[in-house]
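A, B, ... follow the sequence lines: proteins, then strands. Residue 1 opens every chain.
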4 protein chains.
Amino acid sequence: MAGVNKVILLGNLGADPEVKYLEGDNVVAKLRLATTESYKDKTGNRVEQTEWHDLEIWGALAKVAEQYLRKGSQLYAEGKIKTDSWQDEQGQNRYRTKIRVLSFTMLGGKPDGNDNQASPQQSTQQRPASAAPTSAPKAQEMVSDTEDDDLPF
Amino acid sequence: MAGVNKVILLGNLGADPEVKYLEGDNVVAKLRLATTESYKDKTGNRVEQTEWHDLEIWGALAKVAEQYLRKGSQLYAEGKIKTDSWQDEQGQNRYRTKIRVLSFTMLGGKPDGNDNQASPQQSTQQRPASAAPTSAPKAQEMVSDTEDDDLPF
Amino acid sequence: MAGVNKVILLGNLGADPEVKYLEGDNVVAKLRLATTESYKDKTGNRVEQTEWHDLEIWGALAKVAEQYLRKGSQLYAEGKIKTDSWQDEQGQNRYRTKIRVLSFTMLGGKPDGNDNQASPQQSTQQRPASAAPTSAPKAQEMVSDTEDDDLPF
Amino acid sequence: MAGVNKVILLGNLGADPEVKYLEGDNVVAKLRLATTESYKDKTGNRVEQTEWHDLEIWGALAKVAEQYLRKGSQLYAEGKIKTDSWQDEQGQNRYRTKIRVLSFTMLGGKPDGNDNQASPQQSTQQRPASAAPTSAPKAQEMVSDTEDDDLPF
DNA sequence: TTTT
DNA sequence: TTTT
């Protein structure tokens with residue numbers, strides 16, 4: 001049966017995106033996103049609880065993330081849950097769950113550091129010139145993974 | 001900042017719920033849910049990809065799950081992502097991600113086995129009499145976690 | 001700023017889809033979907049409240065709806081809210097809100113009538129032969145609007 | 001059958017909230033929220049399309065909205081669709097759809113006007129003293145409708 | 001007008 | 001380990 005596997009997150013980045021350029025013009029960006037929930041415990045004290053999420057963004061979307069997202073950025077993201085499993089050296093099953101982001105939009109949060117946004121020059125330097133998007137979306141657009149990418153997952 | 005951490009799943013149970021009655025009248029039900037996605041690969045062949053999710057349900061909701069859900073049941077669930085982390089014996093960081101279900105509704109899928117639904121007697125036997133819900137929801141209602149439960153997580 | 005306008009519905013169809021074939025090979029299917037909520041009022045009585053939604057599905061998705069959905073079908077749908085407004089003959093502002101469905105999946109609900117599913121022959125008769133999908137999705141797949149359709153809305 | 005009727009919106013307010021204090025300590029806040037979508041048309045031009053939504057917030061949540069939300073505020077909101085219908089003087093069926101907000105969180109967007117947030121004094125003046133919340137949430141918390149309110153809808 |  |  002067709003299923004639904006949908007995640008909606010709104011939070012802040014714990015660090016700048018980590019971007020890797022792979023063979024075949026593939027790109028992946030990894031993000032750490034914190035979602036904080038605040039509630040009152042039974043004694044009436046306000047408690048904050050933060051959950052950290054590993055996000056993975058592929059393709060053209062990853063380049064947008066690289067260009068616009070920074071540590072501290074406030075982000076709305078939609079995606080799906082993916083759990084990798086493997087056996088470690090001790091023969092034990094290991095699991096790691098991440099969110100495959102399919103679309104996101106940057107919100108008003110102010111990123112960390114001096115530049116409130118990386119200059120195109122800067123980020124171009126970190127990647128092959130051929131990877132430069134010909135028509136980059138603006139910073140505050142909803143960008144979507146077209147999923148016509150034939151990535152190996 | 002207040003965040004959003006929301007998961008929406010629709011799939012089928014891989015096994016009957018595992019229910020544990022804890023001290024202090026707490027109950028937890030653990031479920032394995034499969035969400036299957038079907039798409040065409042680049043050669044035009046239809047491919048099915050199944051993702052397995054660990055669901056955790058607490059309190060009165062867990063009792064409803066115990067009573068009505070079975071291996072094969074089709075389920076719509078909403079909840080949030082929670083990742084537990086700890087150090088194993090080798091001192092390595094270990095992670096396990098689950099979905100804390102906050103509401104669910106059972107869909108038309110036919111559960112496995114002879115009884116299409118566990119009899120109240122059966123499931124009552126597995127738990128302290130005091131835990132019997134005075135006014136159980138019907139099978140196909142949207143049931144919600146009130147979260148006034150002060151559970152330790 | 002980029003926004004989010006997302007609707008998630010799970011309910012039953014109040015009638016068969018109404019399908020119209022337009023010029024230029026466009027197709028639109030209109031559905032009426034009921035979502036029922038059940039809760040206890042202050043006197044402890046269980047109350048059911050049903051909300052009716054106007055769904056609109058375009059393109060290839062509409063053809064899938066025509067082929068597989070029937071009065072009574074249980075449906076999970078995602079889409080976005082669209083409100084049309086116009087002035088009536090009295091010069092008053094009129095509004096009508098509908099859900100533009102972008103993907104859906106048919107659930108286990110049993111449709112009405114003798115056939116539990118319209119035969120392809122039947123539904124083909126109602127539309128131009130050229131509109132027949134070359135590779136129709138199966139009934140219980142998640143089908144998505146590609147939105148490369150350049151429709152006038 | 002239990003259904004799902006869920007709306008997720010992220011956008012900006014077109015005006016300050018309109019708040020009404022009703023008998024029996026009930027409060028309702030009405031908001032106009034714009035969600036903007038941006039895409040490229042077939043000629044490659046970027047097009048912006050804005051959808052306006054009527055939001056309705058009840059009870060304690062309404063008071064938080066009154067206190068913190070302003071024209072221009074960026075808002076994430078969850079709720080459900082409600083359509084009112086009635087007959088007008090000409091005997092015609094009329095419909096009006098709104099979103100009953102069940103939780104929201106204010107994002108980083110800067111509200112319009114001189115004060116970036118209404119002072120408690122200001123907003124207290126507009127309402128009966130008895131309506132003052134004893135322990136107001138902070139501006140950027142996710143606030144939720146408890147729905148134990150027995151409102152007539 | 002659906003469903004349980 | 002589910003489902004179609």
message = For the NZ atom on D/K98, are there more than 12 heavy atoms of other groups (residues, nucleotides or ligands in this structure) within a distance under 6.0 Å?
response =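 Buried by this count: over 12 neighbours within 6.0 Å.
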query = If you draw a 6.0 Å radius around CD in D/Q92, do more than 12 non-hydrogen atoms from other residues or ligands fall strictly inside?
reply =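 More than 12 within 6.0 Å, yes.
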request  = Compare the minimum distances between each of E/dT2, F/dT2, F/dT4 and the side chain of B/A34, then state the nucleotide with the smallest one.
outcome  = F/dT2
ask   = Of the nucleotides F/dT4, F/dT2, E/dT4, which has the atom closest to the C/E48 side chain?
value = E/dT4
Distance in angstrom units between [X] [atom1] and [N] [atom2], rounded:
X: C/L13; N: E/dT4; atom1: CG; atom2: C1'; result: 16 Å
X: B/L75; N: F/dT2; atom1: CG; atom2: P; result: 16 Å
X: C/Y68; N: F/dT4; atom1: OH; atom2: P; result: 15 Å
X: B/K30; N: F/dT2; atom1: NZ; atom2: P; result: 21 Å
X: D/N5; N: E/dT2; atom1: CG; atom2: C1'; result: 14 Å
X: B/D54; N: F/dT2; atom1: CG; atom2: C1'; result: 14 Å
X: C/Q74; N: F/dT3; atom1: CD; atom2: C1'; result: 15 Å
X: C/M106; N: E/dT2; atom1: CE; atom2: C1'; result: 14 Å

inquiry  = Taking atom types as they are modelled, would you say the side chain of C/T50 forms a donor-acceptor pair with the base of E/dT2 within the 3.5 Å cutoff?
reply    = yes
task = Under the side chain to side chain contact (heavy atoms under 4.5 Å, CB included) rule, collect the residues that match up with B/R96, sequence neighbours excluded.
result = A/Y95, B/D54, B/W86
ask   = Mind checking what makes side chain to side chain contact (heavy atoms under 4.5 Å, CB included) contact with C/A34, not counting sequence neighbours?
value =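 By the side chain to side chain contact (heavy atoms under 4.5 Å, CB included) rule, C/A34 matches C/T50, C/W52.
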